[in-house]
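Structure first, commentary second.
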Amino acid sequence: MGAAFELQGAVQADALGQAFESWVRRHDALRGGFRIAGPGVERFTVPAGQVVLVQEEAVGFASPDDLHAYLGNRFAEGTDPFAWPPLVMGAISRDASTTVFIAMDHVAADGYSLALAVWELQTRYEALLQGAPPVLPEAGSFLEFCAAERDFGAGISVDDPAVAVWRDLVRACGGTAPTFPLDLGVEAGQAWPQRVYNRCLLRPEEAEAFAGACRGSGGSAFAGLLACMALAVRAMTGKQDFHTVTPLHTRSRPQWRPAMGWFITCAPLSFSLEGALSFTEALGRAQCSVQGAVRLARYPALRVIELLGDEFRITRRDLFSMVSFTDYRKMPGADRHAESNPVTIGRVTEADDSHVWLSRQHDGLHISIRHPDTPVAGDVLDEYTRLIRDAATRVLLGSDPLLAPATALAGA
């Protein structure tokens with residue numbers, strides 16, 4: 001995974017190199033790797049003072065396709081967690097602008113880390129150009145977080161209420177984790193090349209009105225979107241129950257908020273539309289599920305799943321389907337997103353299930369779905385997102401999407 005962002009003007013290579021070097025030294029997640037040790041695997045960390053970056057000679061490219069192929073190979077070869085360094089950093093310099101890029105294995109960063117990286121590298125680079133020290137908060141150690149998380153996980157027992165919540169979800173899903181609720185034409189044991197489906201669900205003023213309507217009914221925008229997704233699923237399949245998993249950040253202490261690393265766990269989201277007589281009631285059920293998930297934020301999901309033992313079966317290479325919500329307007333450096341145009345970079349692999357990312361940005365509310373690229377996937381997702389938008393639009397306009405028959409929704 002990785003990120004890219006824009007700087008004005010041609011790159012000042014020495015300053016960018018110093019920004020990269022000081023960034024890597026600051027975060028132990030970026031200075032670590034893995035190696036085979038006997039029958040197992042061990043992690044090693046290079047001391048900050050021993051990190052020295054060597055600038056490679058610039059390479060020219062005859063076409064965008066050549067550049068794309070080069071970067072694809074560099075990202076694939078340079079982010080192996082069993083090689084050193086497992087990190088790619090560089091820039092594409094033009095007369096009027098520069099694109100800075102970074103890439104790493106997911107073990108070194110979560111999605112929030114990428115936003116932090118963009119902000120910190122911008123801050124460091126500009127401070128170097130101005131001859132001033134960068135103003136950054138103190139960043140804690142990812143390795144210390146990992147040790148604390150491991151110690152907490154060791155104390156969880158099979159009788160813990162968090163395990164019971166996961167057990168209920170697994171039982172509701174037939175002994176495994178939830179799958180994407182719509183049929184994309186993927187047979188058991190089959191994987192397809194992955195594709196990412198992107199759509200804008202709501203424009204900025206619509207997103208604000210939708211969030212306000214949800215708050216007025218006692219729920220968050222995320223809970224409101226989950227309720228709209230459940231309505232869309234019911235309209236397309238007749239299913240009343242909505243089961244998924246959501247990622248939650250675990251940056252519970254101030255020093256971990258600006259740190260690079262994998263500060264993520266996952267928790268169940270599960271609710272039903274059965275018997276709900278209004279959208280407000282459906283929203284309340286979704287909100288209750290979200291609040292329950294947040295209470296599990298300190299529980300390492302893999303440890304909880306481990307405690308389920310034979311009650312949980314892995315049936316797909318994608319362990320589960322998930323729905324994530326992030327408000328990027330609240331990220332460090334968000335006030336400069338229009339100027340820096342940050343984007344995330346993901347490796348194209350294969351998939352046998354789908355993951356959904358909902359993101360609130362300055363230019364609206366967006367949905368991205370990583371999915372198996374089957375012949376029917378595009379049409380199914382077009383209908384799904386249309387129905388989600390339809391339900392959300394009814395909410396922000398003050399009408400109740402739950403009271404509209406499914407056939408009317410499908411033909412709206």
Side-chain angles (χ1 to χ4, degrees), residues 1-13 15-16 19-20 23 64 67-68 71 75 88-104 109-130 132 134-137 196-212 214-215 220-222 224-225 249 251 257-258 260 324-346 356-370 385 388-389 392-393 396:
M1 66 183 305
F5 63 96
E6 300 299 310
L7 298 173
Q8 293 184 352
V11 70
Q12 301 295 313
L16 183 60
F20 280 142
W23 173 61
L67 174 59
H68 185 271
L71 290 177
F75 292 166
V88 175
M89 298 167 284
I92 304 166
S93 184
R94 299 171 289 270
D95 290 340
S97 66
T98 295
T99 301
V100 178
F101 57 82
I102 54 173
M104 64 208 74
D110 51 28
Y112 190 86
S113 293
L114 295 181
L116 289 172
V118 170
W119 164 69
E120 182 172 335
L121 288 170
Q122 279 181 309
T123 301
R124 288 186 177 279
Y125 179 75
E126 291 171 355
L128 285 163
L129 294 183
Q130 296 166 6
V135 179
L136 296 166
V196 178
Y197 177 98
N198 294 303
R199 293 293 185 275
C200 179
L201 286 176
L202 299 172
R203 296 186 296 272
E205 63 277 10
E206 293 174 325
E208 188 61 33
F210 176 77
C214 291
R215 285 194 302 270
S220 65
F222 182 32
L225 288 167
H249 83 79
R251 301 169 185 268
R257 292 189 177 274
M260 295 288 295
S324 169
F325 178 83
T326 303
D327 191 338
Y328 283 95
R329 302 172 307 156
K330 298 179 180 179
M331 293 288 191
D335 57 330
R336 301 185 58 185
H337 281 176
E339 169 192 341
S340 59
N341 189 31
V343 296
T344 56
I345 301 169
V356 180
W357 289 269
L358 300 165
S359 59
R360 182 87 186 268
Q361 302 179 34
H362 292 295
D363 62 348
L365 177 66
H366 300 261
I367 186 169
S368 295
I369 305 175
R370 172 191 173 271
T385 54
I388 295 170
R389 172 174 167 75
T393 301
L396 69 90

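Treat the numbers as computed from the prediction; the structure is a model and nothing was measured.
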How many angstroms lie between [atom1] in [X] and [atom2] in [Y], if you round to the nearest 0.5 Å?
X	Y	atom1	atom2	result
E339	Q122	CD	CD	7.0 Å
R329	D335	CZ	CG	13.0 Å
L121	I102	CG	CD1	6.0 Å
L365	E206	CG	CD	10.0 Å
I388	T393	CD1	OG1	11.5 Å
Y328	D363	OH	CG	12.5 Å

Please evaluate residues M260 and M104 with respect to the criterion side chain to side chain contact (heavy atoms under 4.5 Å, CB included), reporting the C-alpha separation (whole Å), side-chain torsions for both, the decisive distance (0.1 Å), and the verdict. CA-CA 11 Å; M260 295 288 295; M104 64 208 74; 4.1 Å; yes

State, with a plain yes or no, whether a side-chain heavy atom of V135 is found less than 4.5 Å away from one of T123. no

Quick one: list whatever passes ring-ring contact (aromatic ring centres under 6.0 Å, His included) with Y197, sequence neighbours left out.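 ring-ring contact (aromatic ring centres under 6.0 Å, His included) list for Y197, sorted by chain: empty.
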
Here's a test for you: under side chain to side chain contact (heavy atoms under 4.5 Å, CB included), which of [options] qualifies with [X]?
X	options	value
R360	L225, D327, L202, L201	D327
M1	T344, D110, L114	L114
T99	I92, L7, V11	I92

For a quick test of reading the model, state the closest non-hydrogen atom pair linking [X] to [Y] and the distance between them.
X	Y	answer
A103	F75	CB-CD2, 3.6 Å
C214	G224	SG-CA, 3.7 Å
Q361	S359	NE2-OG, 3.0 Å
F210	A392	CD1-O, 3.6 Å
A19	L128	N-CD1, 3.6 Å
L116	P332	CD2-CG, 3.7 Å

Can you list the residues that meet the salt bridge (charged side-chain N to carboxylate O under 4.0 Å, His left out) rule with R215, with sequence neighbours excluded?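 R215 satisfies salt bridge (charged side-chain N to carboxylate O under 4.0 Å, His left out) with E208 once adjacent residues are dropped.
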
Residues forming a salt bridge (charged side-chain N to carboxylate O under 4.0 Å, His left out) with R94, sequence neighbours excluded: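 By the salt bridge (charged side-chain N to carboxylate O under 4.0 Å, His left out) rule, R94 matches E6.
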
In terms of heavy-atom contacts, does NE2 of H362 have more than 12 from other residues, nucleotides or ligands at under 6.0 Å?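 Yes - once you tally the heavy atoms of other residues, nucleotides and ligands closer than 6.0 Å, there are more than 12.
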
Would the number of heavy atoms belonging to other residues, nucleotides or ligands and lying under 6.0 Å from CD of E205 be above 12? yes

Using the rule given for side chain to side chain contact (heavy atoms under 4.5 Å, CB included), can you reason through T326 versus W357, listing the C-alpha separation, both sets of side-chain angles and the distance that settles it, and then say yes or no? CA-CA 8 Å; T326 303; W357 289 269; 5.9 Å; no

After noting the C-alpha distance and the side-chain angles of Y112 and H249, does the key distance pass the side chain to side chain contact (heavy atoms under 4.5 Å, CB included) rule? CA-CA 8 Å; Y112 190 86; H249 83 79; 5.9 Å; no

Mutual orientation of the aromatic rings belonging to F325 and F222 [parallel < 30°, tilted 30-60°, perpendicular > 60°]: parallel

Any chance you could lay out the side chain to side chain contact (heavy atoms under 4.5 Å, CB included) test for R251 and S113, step after step, and finish with the verdict? CA-CA 11 Å; R251 301 169 185 268; S113 293; 3.0 Å; yes

